[in-house]
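Here the structure is laid out as structure tokens; the discussion comes afterwards.
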Amino acid sequence: FTEFCFLGIAASALANNLSKKTNSGVYGYALFGVLIVAVADEFIQSFSDRGSTVSDVFIDLGGALFGFLICFIAVVLRSQSKNKNR
């Protein structure tokens, strides 16, 4: 969960910067990329003794969504603080 939380923060920050430059929403693509990483991680684990489960993919996605939420809250708070200073 924690690793994918950090991945979610990084993906959200990247999507935020790209959406400012291209004037289009790329958050869905970023979240899809995180999903691909989660599925690939579980696929790799299927070759080890640990095994893989679908619930692990959901836990990984939950961590990424939490990271997206943290980044979203940070962007909103930053924008409100900029508006107060103007």
Side-chain angles (χ1 to χ4, degrees):
F1 185 88
T2 306
E3 291 174 1
F4 277 85
C5 179
F6 289 125
L7 180 61
I9 290 171
S12 180
L14 177 65
N16 188 33
N17 287 335
L18 287 174
S19 67
K20 287 179 184 177
K21 292 180 182 180
T22 62
N23 292 327
S24 65
V26 292
Y27 292 99
Y29 294 116
L31 195 56
F32 183 71
V34 171
L35 173 66
I36 295 298
V37 171
V39 170
D41 182 44
E42 291 305 312
F43 178 72
I44 291 168
Q45 283 184 10
S46 70
F47 296 108
S48 69
D49 291 334
R50 183 171 171 202
S52 66
T53 61
V54 175
S55 63
D56 283 348
V57 173
F58 287 123
I59 291 169
D60 295 343
L61 276 179
L65 288 173
F66 187 71
F68 268 73
L69 180 65
I70 288 171
C71 203
F72 176 75
I73 290 171
V75 167
V76 168
L77 291 176
R78 184 175 177 200
S79 125
Q80 286 179 351
S81 104
K82 282 185 178 181
N83 289 339
K84 285 183 182 180
N85 291 335
R86 289 183 184 175

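Everything numeric here is computed off the predicted structure, so don't read it as measured data. Reckoned from all heavy atoms, side chains included, excluding hydrogens, waters and symmetry mates. Sequence positions, counted from 1, serve as the residue numbers for this chain.
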*Please list all pairs passing the side chain to side chain donor-acceptor pair (under 3.5 Å) test where one or both residues lie in residues 61-75, with sequence neighbours left out.*
none
_Of all pairs that satisfy ring-ring contact (aromatic ring centres under 6.0 Å, His included), the ones with a partner from residues 27-55, not counting sequence neighbours_ = Phe43-Phe47
*With sequence neighbours excluded, tell me which residues meet side chain to side chain contact (heavy atoms under 4.5 Å, CB included) with Val75.*
Asn16
*Ser12 side chain vs Ile9 backbone, donor-acceptor pair below 3.5 Å*: no
For residues 53-71, please give each side-chain donor-acceptor pair under 3.5 Å, one per line with the distance, not counting sequence neighbours.
{"from": "Thr53", "atom 1": "OG1", "to": "Ser55", "atom 2": "OG", "distance (Å)": "3.1"}
{"from": "Thr53", "atom 1": "OG1", "to": "Asp56", "atom 2": "N", "distance (Å)": "3.3"}
{"from": "Thr53", "atom 1": "OG1", "to": "Asp56", "atom 2": "OD2", "distance (Å)": "3.3"}

*asked:* Minimum heavy-atom separation for Val34 and Ala11, please, with both atom names.
replied: CG2-CB, 4.0 Å
_Could you go through Val76 and Gln80, starting from their C-alpha distance and side-chain angles, then the distance that decides it, and tell me whether this counts as side chain to side chain contact (heavy atoms under 4.5 Å, CB included)?_
CA-CA 6 Å; Val76 168; Gln80 286 179 351; 3.9 Å; yes
*asked:* Does Gln45, at its CD atom, have more than 12 non-hydrogen atoms belonging to other residues, nucleotides or ligands within less than 6.0 Å?
replied: yes
